[in-house]
Amino acid sequence: MDYDAGSKPLNVFPLSTVDEGKTVRIVKIVGGKGLVRRLYEIGLLPGAEIQVLRNDKHGPVIIRNSVSGTFSLGFGLARKIMVEVM
Amino acid sequence: MKMMTRYTLLLGTAYMVSSLIYLIEIMARVEISVPQLLPSDVGMVFYFMTVGVLYNYAFIKSREEVSNASLFIALLMSIAIMLVQVVNFIISSIDLLTSSTRAEIIHNIMRIEVILGILSIPLLLKMRKVIYE
Amino acid sequence: MACHEALSSTKIKVKQRSVIVGIIGNPNVGKSALFNKLTKGRAWVANWPGVTVEKKIGKVNLGEASVKIVDLPGIYGLTAHSEDEIIARKFLLQEKPEIVIQVANAVNLERNLYLTIQLLEMNLKLIIALNMVDLAEKEGVEIDIHGLINELKIPIIPIVAIKGVGIEQLVETMIEQIGKPAASFKLDYGEEIEEAIEKISKIIDSSMRKLDLGVDSRWLAIRLLEDDNDVIEQLKSRGLENVIRESKHIKDELEARFNKSVEVLMIEKRYHYILSLSRKYIKRRPDRESLTFFTNKLDKVLTHPIIGLMIFVSILYLLFKLSFDVVTPLTGLIEVFFSHYVYNLFKTSVLPEIISSLLADAVLNGVGIVLIFIPNLLFLFLGISFLEDTGYLARVAFLFDKWTNKLGLSGRAVVPLLIGLGCNVPAIMSTRTLGADRDRRLAVLMIPFMSCSARLPIYLLFTLVFFKENQIMIILSMYFIGVVTAIITAILFNNLLFKGQTVGYVMNMPPYLVPSAMSVLVKSWERVKSFLIRAGTIIVLLMVVIWVLSITGPEGYLGAEALSDPELLSRSWIASFSKLLEPLFKPLNWDWRIIASLMFGFIAKEVVVSSLAVLYGAGEQGLPSVLLSSFTPLTAYSLMAFTLLYTPCMATAAAIRTEIGLKYTLIIVSYQLIIAYTITYVILLIGEVII
């Protein structure tokens, strides 16, 4: 796993739209400093790979990252995490 | 494996049938069965239905991975309600335990959730071997 | 035997002194388990100064040293942005612990290393207790511990806290480390940032003669680059605005160059370092991962919107059945023992009447009220602690978050709110797990509107007399009114007081674990004990006050019989206050006897019924007929609504006070009185229009 955001993102969308079972990579977090810091602190930064375990597209999302562990993220938060498919 | 799945179906059906009879008795105001074999209140009916659904789902999807999870949860819930009923029995009949005959005691504690709970134990033990590889 | 000699010589070297050790770590890594193992039950609970967060302290003798062990809140980092982080930071800086033990989760070590780096940068003497190594093995995680020790230059001890594995070695290491100097650690943040740190450090060094903050200028420089509010405040209070200004200037330059916040840049640098550590010393085998695999499978069922919800409702039912139904014989036993046996003992003693009444009617009653909660609380907390330790409650929060979010609450508030339907007291106490202050305050505001089982006797009595055909519907309508009021309260306070404090929620979902019986028992007992001691004293005091106000009046002492004699009681202070308030309640059509009963209802809501019986001069048998002649169905219904809403009972108020503080308790009580009056009045208005 590499934490560099890498090349120009072509297919980037919010985490809240990703189907269950898919694995995605974080590209950018669109939010205030506080939000960015909190996600970064637990290891969810650009380059991190996350597996989407639960997502009904209207509510909180359960994701898993081998380094950070399993977390549930609020819907508002999930909309601010931009990811790309791997 | 076949034995396990049939056993699962049996347990699931037992819970659901017990709840259904209770509901029929309430709605039609008849008495079909012994109270021992039925849930004791409406909340328990819901509990039985949930557990029954979990067992039956595990049976239906017995080829898939999620079946194990469903079965495991159902087994834990069967045992949980059995334990609560046993605790209930102990607390409410501390005085009875000393005075009643053994037959009376067994009659009081042999309620459906305790019976089904006991029946679920061997299945849980079998599952533990599967989980802990 | 050489090792024994080595150990005893180590013991001799340690002088008799008082040593402070802090235990820190991410949430859910097993800090409490380690704390319990180290302190072996010799611990107590206090509050961190100025906040209502629990502080656990224990005392142990290690070697020759008397050690005070402090359990710090679970945090992911040390940037002083959340209350938990501020508490931990303050402790580390002000109490200057000799040793800090970081409990790290071996399964997600990388995430834990983030905190490690921040601790090392504070030049603290750190020992890492690498917990859950057994689970890490199951997960296929292999850690080169010796390599890490060499790299970070601090001791790392593998342990399994709940099983007690590795604890001895940890203790030995602690003893060894006492008196040794701390290792130095410096993370290279890259050329540009290091340059900025250099510049700011120089400014700090030249501006401050003697740093009394216990940290070096490099650490301060890093904090200033990160916009650390706490450090900025500290510097301001020392009159060092120029330092702040100049460092901000440097920071802005940096941010302009990178087009990114410096804080974010630094976090990324820290994770780059962690990644390099990970590549060198941590290996994962994805084909193993049996722990998370099983957890994920269970979660497919438990977080399913339909079946997951059904399972939760079933488990809640079981919890309630156990804590409220099954324990009734035990509660009955306590009640009989106190209200008959001991009561009569006091009443028939040779003490003067006023003393025996004080002891029997006030103190004993108060103690009885407190003790009567024990069976319910104990079993309820056993159940909740058990579910919490398995990790299940995080899933419950997830299930409900979609809806509670609309009220500005996190899904975690659901469990306390639902418990409130059984009894408000444990519900208030269980809000402790709702970390963020706002969430917790909101939940505490809502809980008293959850119709608890103590209000049932009132509903049952009134519906029996006035609404015989529709008993169940009417009672359900009470619950409905309660829940709706709670929801309105949430929306109201969200928009008024707590505006703009919503932070997106991030919740850790730990892998499912079989809880350790010891940990569940200890946790439950701690909670029950805290209620008994803290709430208990308040309750007994309030009972004495009410007792005084009942047996004395404007004329003077009325005698202990006043408690059961309506004529005497009507001359007591409580009666006088009630009569004074009568005009206020004219729109509701209530006379002073109802008001007085409601005042007595503060003791416990069921007491409203028995007070009505006494004040109306009827026995409990004669009460129904008396009620029929004094109330209409509409006023009866409005009285039911009022008792539901008006104030929390004494025990609940005491619990609120110990959890949130006196100020909020008074706010809540006043708010409830206003809402109760308003809604009751509205009910009357609507009722009169309909009927």
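Naming: A, B, ... by sequence-line order, numbering from 1 per chain. In what follows, every heavy atom counts, from backbone to side chain, and hydrogens, waters and symmetry copies are set aside. Not measured: the values here are computed from a predicted model.
Summarising the geometry of B/Met77 relative to C/Ser314, their closest heavy-atom pair is CE-CB, 3.6 Å, with the distance given to 0.1 Å. Across every non-hydrogen atom of B/Ser70 and C/Val301, the tightest pair is N-CG2, 4.1 Å.
With a 4.5 angstrom heavy-atom cutoff, B/Val53 touches chain C only via side-chain atoms. Residue contact with chain C, scored on non-hydrogen atoms closer than 4.5 Å, involves the backbone and the side chain of B/Met44 alike.
Interface residues of residues 321-333 of chain C toward chain B, defined by a heavy-atom distance below 4.5 Å and sorted by number: C/Lys321, C/Leu322, C/Val326, C/Pro329, C/Leu330. Residues of residues 473-483 of chain C never come within less than 4.5 angstrom of chain B, heavy atom to heavy atom.
Within 6.0 Å of NZ in C/Lys402 there are more than 12 heavy atoms belonging to other residues, nucleotides or ligands. No more than 12 heavy-atom neighbours from other residues, nucleotides or ligands sit within 6.0 angstrom of CZ on C/Phe386.
For the set B/Val87, B/Ile73, B/Val51, the count of heavy-atom pairs under 4.5 angstrom toward chain C peaks at B/Ile73. If you tally non-hydrogen atom pairs under 4.5 Å between each of C/Ile315, C/Val313, C/Asp299 and chain B, the highest count goes to C/Val313.
Among pairs with a residue in residues 27-44 of chain B, those fulfilling side-chain hydrogen bond (donor to acceptor under 3.5 Å, both in side chains) read B/Asp41-C/Tyr317, at least two apart in sequence or across chains.
To the nearest 0.5 Å, atoms CG (C/Leu318) and OH (B/Tyr47) are separated by 4.5 Å.
Residues passing the ring-ring contact (aromatic ring centres under 6.0 Å, His included) test with B/Tyr15 are B/Phe48, B/Tyr55, sequence neighbours excluded.
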